[in-house]
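For clarity, every value in this text was computed on a predicted model and none was experimentally measured. Numbers restart at 1 for each chain; the letters A, B, ... are given by sequence-line order, proteins then strands.
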Amino acid sequence: MDLKQNVYDVLKQLPYQNLNELVIESVDDSKGDYCLPCFSLAKTLHKSPILIADEIANSLDINNSNIVKIESVAGYVNFFLNKTIISKNVLNNFEIEKYNKNNKVVCIDYCSINLAKYMHIGHLKNCFLGESLARLFENFGYKVVRINYVGDYGTPYGKIIAGIKMWGSKEDIEKRGIDALQEYYVKFCMAEADDKDLQQLARDIFKKIEDKDEEIYPIYKKVIEVSKKEAERLLNILGIKFDSWKGESSYANELDNVVNFLDKKGLLSVSEGATIVDLSKFDMPPFIVKRSDGASLYATRDVAAVIDRYNEYHFDKMLYLTAVEQKLYFAQLFKVMELANMEFSGNLEHISYGRFSLPNGKISSRRGKQAVLVDLIDYVLNKAKEVISNRTFTIENPEDVAMKVAKGVLSFNSLNVDRNKDVVFDIERSFSFDGETAPYMQYTYTRIMSILRKAESLNLNKVEADYSCMEQTNAFELIKLCCELNNILILALEKRDPSILLKHCIEICKNTNKYYTACKILDGNLSQIKAKLELLNLIKKVLKHSFNCICIETVEEM
RNA sequence: GUGUCAAUAGCUCAGCUGGAUAGAGCAUCGCCCUUCUAAGGCGAGGGUCGGGGGUUCGAAUCCCUCUUGACACACCA
């Protein structure tokens with residue numbers, strides 16, 4: 001529902017083309033709801049904007065329209081909507097736009113954790129961004145394939161297993177899980193720093209993994225199993241579920257195939273011993289597919305992966321979510337696919353986001369436990385429990401609410417700024433529960449629910465609603481905001497940025513909080529109460545739908 | 001060095017496909033719980049939109065330039 005349409009309907013009376021595009025929202029309601037700046041018309045019409053605005057304002061007939069007043073002020077034509085009529089129309093007819101399935105497949109590669117290492121703050125942003133985009137695509141009828149392209153391959157596994165053999169045991173891994181793996185990894189990394197023998201040992205063990213060595217390979221499988229279980233546990237808490245966990249190891253043996261494939265396309269050359277695709281014509285460094293020592297690289301496996309995914313899913317879009325530092329790399333990968341004339345090459349898209357960093361520097365899994373995801377979850381969950389226990393308002397399921405609030409805070413923190421911006425992560429500030437935050441949004445929803453519950457006893461079925469109370473500024477502002485939902489969803493999808501939707505939700509929540517404090521919903525005559533309750537129901541519907549798209553759950557009370 | 005992105009209130013950020021007096025939240029200082037949940041609401045202070053040019057009737061928004069910062073730039077992922 002686009003309320004500007006009411007203005008467009010009236011503008012049809014004028015002989016000028018493309019006036020609709022000029023219509024914008026008024027700066028404040030003393031200037032109407034929408035306005036038409038006439039400055040750009042001045043040139044073509046050879047008249048002053050003030051005169052044009054005057055003429056337009058005078059010539060338009062607003063009988064039989066939803067415009068109640070038109071005035072000309074300083075070159076602007078201001079349009080005042082008939083708030084009562086429009087509100088009635090909206091409250092009786094508003095539906096969240098349903099999109100039919102469009103048979104298009106979007107693969108989203110996100111999360112992409114390295115198994116056997118802790119998930120950290122950076123993954124949080126990646127996961128929620130990916131999940132939110134997935135939900136947005138689903139909203140518009142796409143079939144989404146969620147791919148967790150896990151790092152389950154490479155010398156780090158040689159190191160972990162070396163560590164286990166030196167200090168640990170199978171039982172220990174069974175018992176302590178990821179903590180044990182992380183500990184041996186860190187310990188081994190420190191030990192090998194100036195020990196050539198240990199470095200060689202790790203490489204040897206990795207080779208044994210590749211060769212499916214009788215002793216080593218089962219340990220590797222165990223390591224993967226334990227790590228995957230932990231990752232699934234955490235992702236489950238966050239409310240994220242993947243369709244594919246196909247990791248790098250699945251493409252480990254594709255080196256020859258990839259090299260042959262690119263060679264047939266005539267793209268390969270050898271430089272400094274390495275096999276490369278020369279991209280100098282495109283002002284890019286070479287794309288290396290085979291190291292000078294003959295080994296494969298991430299890039300090799302990515303070529304294999306994208307082809308494999310296309311064969312399996314026939315995607316219409318393939319989205320890669322990573323931090324911004326991989327921008328050039330993906331530009332190279334996509335260019336190589338284009339040069340290889342792959343039919344899907346135009347449908348690959350890299351969605352980058354700014355870096356998360358700690359106040360004291362870079363995040364690294366080798367540098368101790370700060371900003372590790374489990375700790376963050378614990379921290380927020382405990383804080384939520386504490387806040388709940390200190391409240392005067394008692395609720396039925398404090399544990400459940402605490403969990404939903406905690407998840408909301410984590411998601412909010414990942415999605416609330418423009419995805420391209422770098423964020424310095426400050427735990428106290430980021431996980432605040434006051435002001436414009438996820439708890440604030442959830443709280444708004446509970447207040448609506450609370451009023452709606454209370455209203456049930458009023459028995460308003462036979463009462464006819466009186467929409468004149470929607471003339472009130474806050475009320476009509478809410479009507480407008482709710483009507484913008486679909487445009488906001490479209491924008492968030494197009495820009496691949498859920499923060500746009502999140503901002504809009506906050507705007508709705510702010511106005512809702514203002515509304516019910518300034519105007520008591522269950523006071524006054526029944527006809528007006530009915531209209532006000534319809535408004536609350538509208539807001540509820542819009543918030544519930546929007547929250548889901550940004551991975552924030554609603555709660556009934558808190 | 002080259003390229004990409006960024007710079008808006010003390011702090012964190014909106015606004016950026018040009019439009020009327022630049023907005024929030026946090027922090028600071030006031031006020032509001034006998035009235036639908038105070039995780040709330042109301043109010044106050046706080047700005048040469050990094051500097052300088054340009055385009056335009058009009059620029060935080062577009063272009064150029066400079067400064068500062070982050071990131072990337074051949075065998076890591």
Quiz item: Of the nucleotides B/A77, B/C75, B/C36, which one has an atom closest to the side chain of A/Arg301?
Solution: B/A77
Exercise. Just call it for A/Glu507: base, sugar-phosphate, or nothing, with non-hydrogen atoms closer than 4.0 Å on any strand.
Key: nothing
Quiz item: A/Tyr329 near the nucleic acid: base, sugar-phosphate alone, or nothing, with a heavy-atom cut-off under 4.0 Å?
Solution: base
Quiz item: Does A/Ser450 put a side-chain nitrogen or oxygen below 4.0 Å from OP1 or OP2 of B/U37?
Solution: yes
Quiz item: NA contact type, A/Leu452, heavy-atom cut-off 4.0 Å: base, sugar-phosphate, or nothing?
Solution: nothing
For residues 399-406 of chain A, run the donor-acceptor check on the side chains, cut-off 3.5 Å, and write out each pair with its distance to 0.1 Å, sequence neighbours left out.
{"from": "A/Asp400", "atom 1": "OD2", "to": "A/Lys404", "atom 2": "NZ", "distance (Å)": "3.4"}

Practice problem: Mind checking ring-ring contact (aromatic ring centres under 6.0 Å, His included) for A/His504 and listing every partner two or more places apart, or none if nothing turns up? | Solution: none
Quiz item: Between A/Arg453 and B/U37, is there a side-chain N or O to OP1/OP2 distance below 4.0 Å?
Solution: no
Self-check item: Under 3.5 Å side-chain donor-acceptor pair for A/Asn513 and A/Tyr443
Solution: no
Practice problem: Kindly state each residue pair satisfying salt bridge (Lys or Arg N to Asp or Glu O under 4.0 Å) with at least one member in residues 525-535 of chain A, sequence neighbours excluded. | Solution: none
Pairs under 3.5 Å (N/O, protein and nucleotides 12-14 of chain B):
{"from": "B/A14", "atom 1": "OP1", "to": "A/Asp418", "atom 2": "N", "distance (Å)": "3.0"}
{"from": "B/A14", "atom 1": "OP2", "to": "A/Lys421", "atom 2": "NZ", "distance (Å)": "2.4"}

Exercise. Answer with base, sugar-phosphate or nothing: what part of the nucleic acid does A/Leu522 contact at a heavy-atom distance below 4.0 Å?
Key: base
Self-check item: Residue A/Asn78, side-chain heavy atoms: nucleotide from B/A70, B/A20, B/C75 that is nearest
Solution: B/A20
Quiz prompt | ring-ring contact (aromatic ring centres under 6.0 Å, His included): pairs with one or both residues in residues 20-39 of chain A, sequence neighbours excluded | solution = A/Phe39-A/Tyr76
Self-check item: Distance-only donor-acceptor test (3.5 Å): side chain A/Ser292, base B/C75
Solution: yes
Quiz item: Can A/Tyr76 be said to stack with the base of B/A20, given centres closer than 5.5 angstrom and planes under 30 degrees apart?
Solution: yes
Quiz item: Checking all strands, does A/Lys31 fall into the base, sugar-phosphate, or nothing category for heavy-atom contacts under 4.0 angstrom?
Solution: base
Quiz prompt | Selection residues 39-52 of chain A - residue pairs positive for side-chain hydrogen bond (donor to acceptor under 3.5 Å, both in side chains), sequence neighbours left out | solution = A/Lys47-A/Glu55
Exercise. Using a heavy-atom cut-off of under 4.0 Å over every strand shown, decide if A/Glu557 touches base, sugar-phosphate, or nothing.
Key: base
Quiz prompt | Contacts of A/Tyr329 that satisfy ring-ring contact (aromatic ring centres under 6.0 Å, His included) - sequence neighbours left out | solution = A/Tyr298
Quiz item: Looking for any heavy atom pair under 4.0 Å, which part of the strands does A/Ile288 touch: base, sugar-phosphate only, or nothing?
Solution: base
Quiz item: Which residue pairs pass the salt bridge (Lys or Arg N to Asp or Glu O under 4.0 Å) test with at least one member in residues 295-306 of chain A, sequence neighbours excluded?
Solution: A/Glu248-A/Arg301
Quiz item: So what does A/Met284 touch, heavy atoms closer than 4.0 Å: a base, only the sugar-phosphate, or nothing?
Solution: nothing
Practice problem: Pick base, sugar-phosphate or nothing for A/Thr446, based on heavy-atom distances below 4.0 Å to the nucleic acid. | Solution: base
Practice problem: Enumerate the residue pairs fulfilling salt bridge (Lys or Arg N to Asp or Glu O under 4.0 Å) with a member in residues 285-298 of chain A, sequence neighbours excluded, ordered by first and then second residue. | Solution: A/Arg291-A/Asp293
Practice problem: At under 4.0 Å between heavy atoms, which parts of nucleotides 29-35 of chain B does protein reach? Answer with one letter per nucleotide, 5' to 3': B base, S sugar-phosphate only, - none. | Solution: ------S
Quiz item: Under 3.5 Å, is there a donor-acceptor pair between the A/Ser432 and A/Asp434 side chains?
Solution: no
Quiz item: Using a heavy-atom distance cut-off of less than 4.0 Å, which residues of residues 35-44 of chain A contact RNA chain B?
Solution: A/Cys35, A/Phe39, A/Ser40, A/Lys43
Exercise. Describe the nucleic acid contact of A/Ile506 in one word from base, sugar-phosphate, nothing, applying a heavy-atom distance below 4.0 Å.
Key: nothing
Quiz item: Does a donor on one side chain and an acceptor on the other come within less than 3.5 Å for A/Tyr379 and A/Asn382?
Solution: no
Quiz prompt | Sugar-phosphate only, base, or nothing, as touched by A/Ser271 at under 4.0 Å among non-hydrogen atoms | solution = base
Exercise. Between protein and nucleotides 41-46 of chain B, map the contacts as a letter string: B base, S sugar-phosphate only, - none, heavy atoms under 4.0 Å, written 5' to 3'.
Key: SS----
